[in-house]
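Working notes, structure below.
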Amino acid sequence: MNNTEITRQKAIQRYVRAIDKGDLEEIINILEQATTDPDLDLMLIEANQAVEQEEGLTAFAKDTAFVRQLVQQHFNSNIMSDEPDARPLTIGEVAARMQADRNVPKSDQAIHKTLLHFSTPLPEFLNIQAIRKLASELQISASEKFWRIFRDTAIMMGIGRGQAQMAAARKQKARKSGTGRTDSGNKK
Amino acid sequence: MDVHLKKRKSTMINDMPDVNHRKLAQAIEESCDSLLTGIRVLIWKMGMAGSEKEANELAQEILNETVVTALQNASSFIPEKSAHAWLMGIGANKIKELRTKEIRRNKRTGVVTETYQFSNQNVNAANTNVENLDQVTEEDMIDFLITKTADANPIRHKIHLTFDELVSLVNSDDSLILKLAFVDNLKGKDLAATLQTSVGAANVRLSRAISRLRKAYLNSEASERS
């Protein structure tokens with residue numbers, strides 16, 4: 001972080017704290033500081049949007065919650081919250097998991113940051129050849145170690161999703177057959 | 001924006017003599033949504049509205065007043081500065097005036113509404129906490145996290161733990177975001193992409209993690225001393 005970024009980080013810190021504590025004086029001071037720093041101003045706008053979402057104040061958040069409630073009432077299920085993600089995994093999602101697991105080789109950190117923003121779906125069968133082909137198509141050069149970790153992470157994430165899908169299918173089947181049996185217990 | 005305000009605004013814009021003023025009008029148009037969001041958030045977090053509907057109505061009213069005041073003071077607007085921050089500053093001042101008026105009126109009439117009582121209690125509690133916990137500020141904590149190693153740390157005399165010891169004081173979610181931000185140096189879009197959230201949400205989460213880290217550190221220091 002350079003000095004400007006540190007100053008911004010501290011300003012955001014003060015802003016969020018001031019919002020949480022109801023300190024209007026401090027909020028006004030930070031806004032004054034942001035008049036000469038458009039990047040800080042943008043960060044404040046984004047922080048406001050995040051807090052608005054967090055507090056459930058947005059029309060969007062409200063509508064989503066309402067639609068979810070209606071669907072749950074209609075189907076008498078928690079299908080919306082439990083539905084496993086059926087979309088194919090993307091490069092960005094796997095890269096994000098690698099980062100969260102703190103599994104990125106140091107030498108590949110720069111290229112890894114680029115991958116975070118890729119929404120390209122992964123091939124269905126993930127062997128080393130498929131990964132190499134994908135890397136060459138995307139013109140990305142990273143170490144063998146990186147691609148090995150990438151593949152392993154993707155496979156683990158795929159297994160996780162597969163299990164969730166199977167569990168959901170079992171649940172749906174049970175509901176259809178009217179047994180009312182759920183994964184969390186036997187509801188008779 | 002209501003019809004009256006639009007009329008007043010267009011009259012004022014027509015009267016505007018120079019480019020500077022037209023730029024302000026344009027900036028107001030562009031910032032309207034983010035201003036409304038910001039004002040609504042402040043009203044809600046200050047405990048000045050009892051329901052979302054009330055918060056929305058009050059926010060709209062304050063936004064209107066903000067725009068009128070901004071246009072009246074157009075000569076002090078500097079186009080090179082960030083318009084949103086300038087306008088939001090006016091809005092925050094309006095909220096402050098409203099809160100002060102309300103508190104005064106309540107004191108005079110002897111009525112303290114639940115909302116204001118709650119909001120004042122929050123502020124008082126917050127101030128007490130800050131007074132008690134002022135040995136290490138959140139800004140100190142950021143400095144420490146940036147420099148990380150104890151040897152290079154200019155506030156070493158204040159924080160007696162290593163980076164790893166320090167982040168082990170908070171839960172795994174907070175610890176993860178602190179490591180991503182200060183060890184892996186991820187920020188903005190990169191941090192948000194890793195956490196699979198928006199940039200704003202990532203920054204807010206990071207800020208809260210730093211606050212909790214500071215509290216956890218001060219608590220651990222206090223219990224060690226006792």
Side-chain angles (χ1 to χ4, degrees), chain A residues 1 5-6 8-10 12-25 27-59 62 92-93 95-100 102 104 109 112-113 115-117, chain B residues 34 37-38 40-42 44-47 52 55-56 78 81-86 88-89 92-93 95-96 99 119 122-123 126-127 130 138-139 141-143 146 176 179-190 193-208 210-211:
Chain A
M1 273 193 198
E5 286 166 346
I6 295 171
R8 281 188 199 129
Q9 180 63 53
K10 288 183 178 176
I12 281 291
Q13 186 70 32
R14 284 163 49 215
Y15 188 73
V16 174
R17 187 180 56 206
I19 284 187
D20 286 344
K21 307 235 154 125
D23 185 350
L24 273 169
E25 206 58 60
I27 289 168
I28 291 164
N29 288 338
I30 300 159
L31 286 166
E32 174 62 35
Q33 185 183 335
T35 57
T36 54
D37 183 350
D39 288 334
L40 173 60
D41 189 24
L42 180 63
M43 286 168 87
L44 298 182
I45 293 173
E46 289 166 342
N48 285 337
Q49 287 165 347
V51 175
E52 188 186 43
Q53 188 84 33
E54 192 179 77
E55 297 285 329
L57 287 172
T58 55
K62 242 167 40 190
E93 285 169 337
R97 171 60 73 84
M98 283 171 72
Q99 182 75 59
R102 314 186 57 69
V104 183
Q109 272 174 353
H112 172 265
K113 275 191 185 177
L115 291 184
L116 281 171
H117 304 287
Chain B
S34 46
T37 296
R40 191 164 41 213
V41 163
L42 293 190
W44 187 255
K45 295 292 271 186
M46 301 298 125
E52 273 179 53
N56 283 333
I78 303 166
K81 287 193 171 186
S82 283
H84 167 269
W86 186 73
M88 194 60 207
N93 272 302
I95 296 172
K96 195 177 144 195
R99 188 160 79 160
S119 140
N122 267 356
V123 172
N127 290 341
V130 169
E138 287 178 7
E139 283 78 6
M141 199 48 93
I142 292 174
D143 284 332
I146 289 166
L176 173 66
K179 283 178 185 169
L180 292 174
F182 295 105
V183 179
D184 299 341
N185 271 323
L186 294 186
K187 47 189 177 291
K189 283 182 187 165
D190 293 330
T194 304
L195 296 169
Q196 302 200 350
T197 187
S198 67
V199 177
N203 283 333
V204 170
R205 272 174 65 180
L206 178 60
S207 294
R208 300 231 167 95
I210 293 169
S211 291

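Because only heavy atoms are used, hydrogens play no part in the values below, and waters and symmetry mates are left out as well, while side chains stay in. Within every chain, numbering begins at 1; the chains are lettered A, B, ... in the order of the sequence lines, protein sequences first and strands thereafter.
- The heavy-atom pair separating Met46(B) from Asp23(A) by the smallest distance is CE-N, 4.4 Å.
- With hydrogens and angles disregarded, no donor-acceptor distance shorter than 3.5 Å links the side chain of Glu52(A) to the backbone of Thr37(B).
- When each of Asp190(B), Val41(B), Thr197(B), Val204(B) is checked for heavy-atom pairs under 4.5 Å with chain A, Asp190(B) comes out on top.
- Contact tally against chain B (heavy-atom pairs below 4.5 Å) for Asn48(A), Leu116(A), Ile6(A), Leu24(A): the top residue is Leu24(A).
- Here the straight-line distance linking atom NZ of Lys81(B) with atom OG1 of Thr36(A) works out to 6.5 Å at 0.5 Å rounding.
- Contacts with chain B were tallied for Met98(A), Glu5(A), Arg97(A); Glu5(A) has the most, counting heavy-atom pairs under 4.5 Å.
- Atom CG of Leu44(A) is separated from atom OG of Ser82(B) by 9.5 Å, given to the nearest 0.5 angstrom.
- Across all their heavy atoms, Arg99(B) and Gly22(A) have their closest contact at NH2-O, 3.2 Å.
- For the atom pair Glu138(B) CD and Arg14(A) CZ, the distance stands at 11.0 Å (nearest 0.5 Å).
- When each of Leu176(B), Val199(B), Ile210(B) is scored by its heavy-atom pairs under 4.5 Å with chain A, the top score falls to Ile210(B).
- In this structure, chain A has heavy atoms under 4.5 Å from both the backbone and the side chain of Trp86(B).
- Contacts of Ile142(B) with chain A are made by side-chain atoms alone, with heavy-atom separations under 4.5 Å and no backbone atom involved.
- At a threshold of 4.5 Å between non-hydrogen side-chain atoms, the residues Ile45(A) and Met88(B) do not count as touching.
- Of the two parts of Asn29(A), neither the backbone nor the side chain holds a non-hydrogen atom closer than 4.5 Å to a non-hydrogen atom of chain B.
- Of the listed residues Ala100(A), Gly92(A), Ala18(A), the one with more heavy-atom pairs under 4.5 angstrom with chain B than any other is Ala100(A).
- Lys96(B) has its side chain within reach of Glu25(A): a pair of non-hydrogen atoms, C-beta onward, lies under 4.5 Å apart.
- Contact annotation for Lys179(B): both backbone and side-chain heavy atoms come within less than 4.5 Å of a heavy atom of chain A.
- The choice from Gln109(A), Gln9(A), Glu32(A) that makes the most heavy-atom pairs within less than 4.5 Å of chain B is Gln9(A).
- Closest of all the heavy-atom pairs between Gly200(B) and Ala50(A) is C-CB, 3.5 Å.
- Between Ala96(A) and Gln196(B), the shortest heavy-atom distance links the atoms CB-NE2, 3.7 Å.
- Residue Glu54(A) touches chain B through its side chain alone, counting heavy-atom pairs closer than 4.5 Å.
- For the atom pair Leu31(A) CG and Leu42(B) CG, the distance stands at 7.5 Å (nearest 0.5 Å).
- The contact between Leu180(B) and chain A is made by backbone and side chain atoms together, counting heavy-atom distances below 4.5 Å.
- Contacts of Ile19(A) with chain B are made by both backbone and side-chain atoms, with heavy-atom separations under 4.5 Å.
- In this structure, a donor-acceptor pair under 3.5 Å is absent between the side chains of Asn203(B) and Glu46(A).
- For a residue to count as touching a neighbouring chain, one of its non-hydrogen atoms must lie under 4.5 Å from one of that chain's; by this rule Ile95(B) touches chain A with backbone and side chain alike.
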**Prompt:** What's the verdict on salt bridge (Lys or Arg N to Asp or Glu O under 4.0 Å) for Arg17(A) and Glu139(B), showing C-alpha distance, side-chain angles and the deciding distance?
**Reply:** CA-CA 11 Å; Arg17(A) 187 180 56 206; Glu139(B) 283 78 6; 3.7 Å; yes
